[in-house]
Amino acid sequence: MRILSLALGCACLALACGSRTASELENESAPCLARPASLDGQPVAWHQGNANDAAELDRWCRAVGLPILVASPAVPRPTSPPPLDELVIVTWNAHLAEGRLEELVRALRSGALTSGRAVTHFVLLIQEAYRRGAGVPAFPDNARTAFGIVPRDPHGSDAHATAQSLGLSMWYVPSMRNGSEMSEDRGSAIFSTEPLLDLRALELPFARQRRVTVGAAIDVRTKRGVERLLLLSAHLEPVSSPKTLWIFQNPRTGQVRAILGLLATPPFNAPAGTAGVVLGGDFNTVRGGDGESAYDLARQWSTSLGSEDRRRTHLMGRLDYLFFRLTNGWQAGARRLDERFGSDHYPVLGQFVASPP
C-alpha cells in the first residue's frame, strides 16, 4: 500500500509538472521574461525596437524583477486634472541611491525651484532609479548583469519606498541588474502627483546593455477641456558593444529612431484629445547636443520647445534633455537646475506656457 501511495503521489506530481510549460517554469525564476500585459488592472504595452535583439535582451531580462506600478497616491486628490500651465516636468538621472529624490520633491513643493511659486502638480522622469529586495530574483544561469553601483547608504529608500513615502504614483521598469552580488535592479521610472495611464515599455535596440524607455500618460486641463499628456523617460547608451569596435559606433541614433517610431503610433502620435508628448532623459550625448544625430533627431521632432538651457548637465557635458511636441496653443521651456541633489547629473526642469495668439 505504501508503495502504491508513493507511486500515485509521484504520478500526481509528474502530471502537475507536466501541465505547466517550460516557459512558465522559467518565468518563476526569471519573472521579467513574462513581460506582463497588465499590472494592478492597468494594461501594459510592450515594444521592442529591434526584434533581432530578442535573445540578448532576454539574457539581461532574466536577472531583473517585474515592473512596479504604484497606482494610487496617498495624498488627497482634486476632483479635476490640473491645468497644463500649472504642471512642472523634471528629468533627472538620479544615480541610484546617491540622488536625494525626497529633497528634490521638497524643493519643488516649496517653490524653491520655481521663483517662489509652490508646485502642486509635477511629473519626474527618472533614470537610474533602482529597486532592492525580494522583488529581484536570485541571479540565474545564462543571464547578464551590469556592474554594481554601490550606494554610500546601503539602506537608502529605493524607488518603490520613495514613491510610497512621498505619496506619488510611479511606473518603474528595470532595465538591468545592479551587479550579480546585490539583490538590486535599475532602470527608468516616471513619478507623478497624478494617476498614471497608458503604460508603455520600449526595449531599445540592443548595443551594450538592455535599456527600457518607460512611457505613461496623465490627464491635464487645457482650453479645450480634459486632454491626455503623454510622457516618456529614456536613458540611451553612451557607447556600443566592444564587439562592434565601440569607439567608432554611435548606438544612440538607432535608439532615438526607435523612440520616435513608437511616438508615431497610437496613443503616442498625439491624436485628437491629447495635449501632446514630452520626451525626457539622459541621452548620453558625448558631443553635448548640437551636432550629434540623436539630439538633432529629437530636437527636430520637438516642435514646441521654446527656450532651451544649454549648460552642461554632467561633468562630461550636456547629456540630459526635455523635448516637447504639443498640440496647437502651447509651448514649453527647459532649464537646468543649479543643484544636483547628490547625483552626478543636474536635473532639467520644464514648464508650459500658452503660445502667443
Side-chain angles (χ1 to χ4, degrees), residues 84-85 87-95 98-101 103-104 107-108 111-117 119 122-128 188 190 204 211 213 229-239 250-260 263 276-326 330-356:
L84 184 57
D85 56 0
L87 181 72
V88 169
I89 308 286
V90 175
T91 187
W92 185 39
N93 182 322
H95 199 50
E98 303 303 309
R100 300 189 296 271
L101 189 59
E103 185 178 327
L104 171 63
L108 270 175
L113 306 179
T114 49
S115 303
R117 182 173 68 86
V119 176
F122 58 84
V123 174
L124 309 177
L125 307 176
I126 302 297
Q127 303 83 51
E128 289 191 6
S188 294
I190 299 175
L204 295 177
R211 293 178 181 264
T213 293
L229 181 68
L230 311 173
L231 309 144
L232 291 102
S233 176
H235 191 185
L236 306 187
E237 279 283 7
V239 295
N250 178 357
R252 295 174 294 283
T253 302
Q255 292 180 337
V256 169
R257 289 189 189 279
I259 294 171
L260 297 184
L263 293 176
V277 183
V278 181
L279 167 62
D282 175 1
F283 275 45
N284 272 313
T285 44
V286 295
R287 293 184 180 179
D290 293 331
E292 175 158 340
S293 56
Y295 168 81
D296 293 340
L297 286 169
R299 187 64 181 88
Q300 182 179 10
W301 169 87
S302 181
T303 54
S304 305
L305 177 59
S307 60
E308 185 180 13
D309 191 337
R310 295 181 175 273
R311 290 180 294 170
R312 71 181 189 181
T313 61
H314 186 270
L315 182 64
M316 299 296 293
R318 187 175 174 223
L319 309 182
D320 306 270
Y321 305 89
L322 281 172
F323 299 105
F324 301 85
R325 190 181 182 98
L326 307 173
W330 291 96
Q331 287 187 332
R335 61 182 175 85
R336 196 206 76 178
L337 300 181
D338 295 327
E339 168 66 44
R340 290 183 297 178
F341 298 95
S343 177
D344 54 350
H345 289 249
Y346 290 93
V348 176
L349 183 145
Q351 293 178 278
F352 302 87
V353 294
S355 301

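Along the sequence shown, residues carry numbers from 1.
- Counting only residues at least two apart or on different chains, the side chain to side chain donor-acceptor pair (under 3.5 Å) pairs with a member in residues 297-308 are Y295-E308, R299-E308, E308-R318.
- Rounding to the nearest 0.5 Å gives a distance of 9.0 Å between CD1 of I89 and CG of L349.
- Remark: R335 pairs with no residue by the salt bridge (charged side-chain N to carboxylate O under 4.0 Å, His left out) rule, at least two apart or across chains.
- By the ring-ring contact (aromatic ring centres under 6.0 Å, His included) test, F283 pairs with Y321, F323, sequence neighbours left out.
- Evaluation of the side-chain hydrogen bond (donor to acceptor under 3.5 Å, both in side chains) rule for E103 yields R100 as partners, not counting sequence neighbours.
- A 4.5 Å side-chain heavy-atom check between E98 and D344 finds every atom pair outside the cut-off.
- A salt bridge between E292 and R252 is present, with a side-chain N of the basic residue lying under 4.0 Å from a carboxylate O of the acidic one.
- When side chains are defined from C-beta on, L113 does not count as touching V119, because their heavy atoms never get closer than 4.5 Å.
- Side-chain atoms of L236 and D282, non-hydrogen and from C-beta on, never get closer than 4.5 Å to each other.
- Inter-residue side-chain proximity for L322 and L305 is flagged as unmet; no heavy-atom pair is nearer than 4.5 Å.
- Annotation: side chain to side chain contact (heavy atoms under 4.5 Å, CB included) contacts of A112 (sequence neighbours excluded): A107, S110.
- In this structure, G280 and T91 approach most closely via the heavy-atom pair C-OG1, 3.6 Å.
- With a 4.5 Å cut-off on side-chain heavy atoms, R117 and Q351 count as touching.
- Shown here are the salt bridge (charged side-chain N to carboxylate O under 4.0 Å, His left out) partners of D309, two or more places apart in sequence or in another chain: R311.
- Every residue two or more places apart in sequence or in another chain was checked for a side-chain hydrogen bond (donor to acceptor under 3.5 Å, both in side chains) with T213, and none qualifies.
- In this structure, CG in L108 is found 6.0 Å from CZ in F122, a value given to the nearest 0.5 Å.
- Between the side chains of Q127 and S233, at least one donor N or O lies within less than 3.5 Å of an accepting N or O.
- H345 meets the ring-ring contact (aromatic ring centres under 6.0 Å, His included) test with H314; sequence neighbours excluded.
- Inter-residue side-chain proximity for W330 and L229 is flagged as unmet; no heavy-atom pair is nearer than 4.5 Å.
- Without hydrogens or angle criteria, S293 side chain to T253 main chain gives no donor-acceptor distance under 3.5 Å.
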Given side-chain contact (heavy atoms from CB on, under 4.5 Å), test L101 with W92 step by step and report yes or no.
CA-CA 10 Å; L101 189 59; W92 185 39; 3.8 Å; yes
Please assess N93 against H235 for the test side-chain contact (heavy atoms from CB on, under 4.5 Å), listing each intermediate value before the final yes or no.
CA-CA 8 Å; N93 182 322; H235 191 185; 3.7 Å; yes
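- The side chain to side chain contact (heavy atoms under 4.5 Å, CB included) search around R340 returns Y346, not counting sequence neighbours.
- Remark: side-chain polar atoms of R336 are not paired, donor with acceptor, to backbone N or O of P347 under 3.5 angstrom.
- By the 4.5 Å heavy-atom criterion applied to side chains, L263 and L232 are counted as neighbours.
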Would D85 and V353 count as a side-chain contact (heavy atoms from CB on, under 4.5 Å) if you check the C-alpha gap in whole Å, the side-chain angles of each, and the deciding distance to 0.1 Å?
CA-CA 6 Å; D85 56 0; V353 294; over 6 Å; no
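- S188 pairs by the side-chain hydrogen bond (donor to acceptor under 3.5 Å, both in side chains) definition with nothing, not counting sequence neighbours.
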Check the pair V123 / V88 against side-chain contact (heavy atoms from CB on, under 4.5 Å), numbers first and verdict last.
CA-CA 6 Å; V123 174; V88 169; over 6 Å; no
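- Among residues two or more places apart in sequence or in another chain, the side-chain hydrogen bond (donor to acceptor under 3.5 Å, both in side chains) test is passed with Q255 by none.
- Side chains of I190 and L124 form no contact here, defined as non-hydrogen atoms less than 4.5 Å apart.
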